[in-house]
2 protein chains.
Amino acid sequence: MARDPGTEASASSSTPQLDRRTARRIRTKAEIVEAAWDLVREEGLAGLAMRDLGKRVGMKAQSIYSYFESKNDIYDTMFRDAYLDFNSTMEAENEDGERFSDVDTALRLSHRFFDFCTSDPVRYQLLFQRTIPDFVPSEESYAVAVDALDALTNQLADVGVAGDESVDLWTAVLTGLTDQQISNDPGGDRWKRLVDRAVLMLLGEVAPDLIEATK
Amino acid sequence: MARDPGTEASASSSTPQLDRRTARRIRTKAEIVEAAWDLVREEGLAGLAMRDLGKRVGMKAQSIYSYFESKNDIYDTMFRDAYLDFNSTMEAENEDGERFSDVDTALRLSHRFFDFCTSDPVRYQLLFQRTIPDFVPSEESYAVAVDALDALTNQLADVGVAGDESVDLWTAVLTGLTDQQISNDPGGDRWKRLVDRAVLMLLGEVAPDLIEATK
DNA sequence: GTCTATAATCTGATAGAC
DNA sequence: GTCTATCAGATTATAGAC
């Protein structure tokens with residue numbers, strides 16, 4: 001079977017030369033993507049230009065096409081990476097098996113979401129809004145996104161936010177707080193301070209028993 | 001005093017020729033802005049190109065510069081118009097002086113906001129998000145925006161949503177519902193159906209007396 | 001007030017030498 | 001794998017004839 005230049009995953013131990021070459025290639029790709037993130041954080045998500053990107057990694061823009069098929073391919077990689085980050089951030093275990101009540105866990109989960117989103121507005125835009133003209137995620141990347149959001153739904157169900165309408169309401173309130181924080185008080189905490197209150201309000205609406213039991 | 005080509009508002013009755021000319025000019029400007037709205041609704045807010053705009057109004061792109069100083073000037077006009085629309089929509093009186101309870105009025109106000117926003121996603125984007133690269137509203141237009149939002153704050157206070165934190169919470173929840181509706185179910189009603197529930201939940205949090213009194 | 005012509009600059013992407 | 005050279009196109013905006 002011929003090597004697949006697309007995946008670059010497997011590397012048989014019988015070809016150490018190719019291993020090193022492949023490893024180098026993967027490192028360079030990662031370097032390019034990292035530079036792309038830096039660039040969009042400065043210029044905005046739509047401000048990613050191949051020339052500038054090349055300059056930043058110390059190549060001519062044209063050379064990037066040896067690593068990525070197109071600009072869309074770079075966006076796609078960023079999109080997938082962002083959802084993988086989202087997933088591992090949201091699923092992080094609490095330290096050394098501490099036990100919390102469902103209410104506390106719901107609060108921690110919501111803060112984790114809020115902080116993840118507001119800590120990188122451009123990433124948030126890529127994850128949850130549709131503002132890049134012409135960008136369409138590949139099937140593979142889209143599947144990663146769906147998995148990540150499914151996992152979130154399960155986490156919410158575990159702490160009392162169960163059912164489509166409850167999840168929709170939670171999503172609306174949390175993204176609403178996030179959006180306002182990013183748009184109207186970037187770097188501040190004007191809406192961050194409202195997260196606890198909003199989550200308790202939500203739980204009171206969708207899981208009143210939980211709140212009663214805690215009183 | 002010389003005529004001010006910037007405002008085009010006053011027209012003395014002693015110069016009917018100029019009146020007609022000015023009126024025509026104003027109509028053409030309005031026509032261009034209308035075409036610009038059509039265009040961004042099809043191509044997205046960032047997809048406004050002078051060429052296409054010219055084509056749509058039956059001129060060469062270059063001729064538009066006789067009416068607007070720059071592309072930014074066109075965006076600025078759209079921005080101001082959108083806030084004026086927002087204002088008049090939100091301040092519309094109820095029919096023939098009907099009286100409603102504060103809870104009912106809060107619900108009507110919230111639905112009006114939600115419907116205004118979701119009925120024109122591009123306008124919503126221009127009003128409440130920052131996604132046009134390099135666009136900065138003029139001082140005059142910015143003042144219109146501030147006035148409109150102040151008016152909204154006053155309306156909210158009248159129906160029991162008073163105080164900075166309460167207003168911030170209302171704003172976050174309503175824009176959150178709006179965003180989700182636009183992004184994830186355009187043209188549908190998946191989040192519209194949650195507006196009543198969300199508003200009652202909010203009022204229970206920020207004006208519990210109001211809800212108690214209604215029971 | 002509209003046009004032609006054009007400036008000046010940016011864009012993503014390809015061909016082919018080395 | 002990186003380069004030079006270049007394409008083919010877009011963009012906003014200005015100058016000047018009519």
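So you know, we letter chains A, B, ... as the sequences are listed, proteins then strands, and number each from 1. Computed from a prediction, not measured in an experiment: that's the story for all the values here.
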Item to complete: Using a heavy-atom cut-off of under 4.0 Å over every strand shown, decide if B:T28 touches base, sugar-phosphate, or nothing.
Response: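 Since no nucleic acid heavy atom lies under 4.0 Å of B:T28, the category is nothing.
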
How close or far is atom [atom2] of [N] from atom [atom1] of [X], stated in whole angstroms?
{"X": "B:D134", "N": "C:dT9", "atom1": "CG", "atom2": "P", "result": "17 Å"}
{"X": "B:I64", "N": "C:dC3", "atom1": "CD1", "atom2": "C1'", "result": "13 Å"}
{"X": "B:Y67", "N": "D:dA13", "atom1": "OH", "atom2": "P", "result": "18 Å"}
{"X": "B:I74", "N": "D:dT11", "atom1": "CD1", "atom2": "C1'", "result": "14 Å"}
{"X": "B:K71", "N": "D:dA10", "atom1": "NZ", "atom2": "C1'", "result": "11 Å"}
{"X": "A:E31", "N": "D:dG1", "atom1": "CD", "atom2": "P", "result": "14 Å"}
{"X": "A:M59", "N": "D:dG1", "atom1": "CE", "atom2": "P", "result": "9 Å"}
{"X": "B:Y65", "N": "D:dG16", "atom1": "OH", "atom2": "P", "result": "18 Å"}

Worksheet item: Should B:Q129 and A:T131 count as side-chain neighbours, where that means a heavy-atom distance under 4.5 Å?
Response: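 Counting from C-beta outward, B:Q129 and A:T131 never come under 4.5 Å.
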
Discussion item. Side chains of A:I32 and A:K29, heavy atoms from C-beta outward: is any pair under 4.5 Å?
Written reply: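 SC-SC contact between A:I32 and A:K29 ruled out.
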
Discussion item. Taking the nucleotide of DNA chain D with the nearest heavy atom to each, does A:A61 or B:M50 sit closer to the 5' end?
Written reply: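 Looking at DNA chain D, the more 5' nearest nucleotide goes with A:A61.
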
Discussion item. I want to check one thing: is the phosphate of D:dT11, taken as OP1 and OP2, less than 4.0 Å away from some side-chain N or O of B:R51?
Written reply: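 Result: yes.
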
Fill in: B:S63 side chain near C:dG1 phosphate (N/O to OP1/OP2, under 4.0 Å)
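So the side-chain polar atoms of B:S63 never come under 4.0 Å of the phosphate oxygens OP1 or OP2 of C:dG1.
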
Worksheet entry | Candidates B:E42, B:E34, B:E31 - the one meeting salt bridge (charged side-chain N to carboxylate O under 4.0 Å, His left out) with B:R56 |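 Testing B:R56 for a salt bridge (charged side-chain N to carboxylate O under 4.0 Å, His left out) against B:E42, B:E34, B:E31 leaves exactly one candidate, B:E42.
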
Discussion item. The side chain of A:A49 is closest to which nucleotide in this list: D:dT11, C:dG12, D:dT6?
Written reply: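 Selected nucleotide (nearest to the side chain): C:dG12.
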
Worksheet item: Angle class for the A:Y83/A:F128 ring planes (parallel below 30°, perpendicular above 60°, tilted otherwise)?
Response: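 Aromatic pair A:Y83/A:F128 classed perpendicular.
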
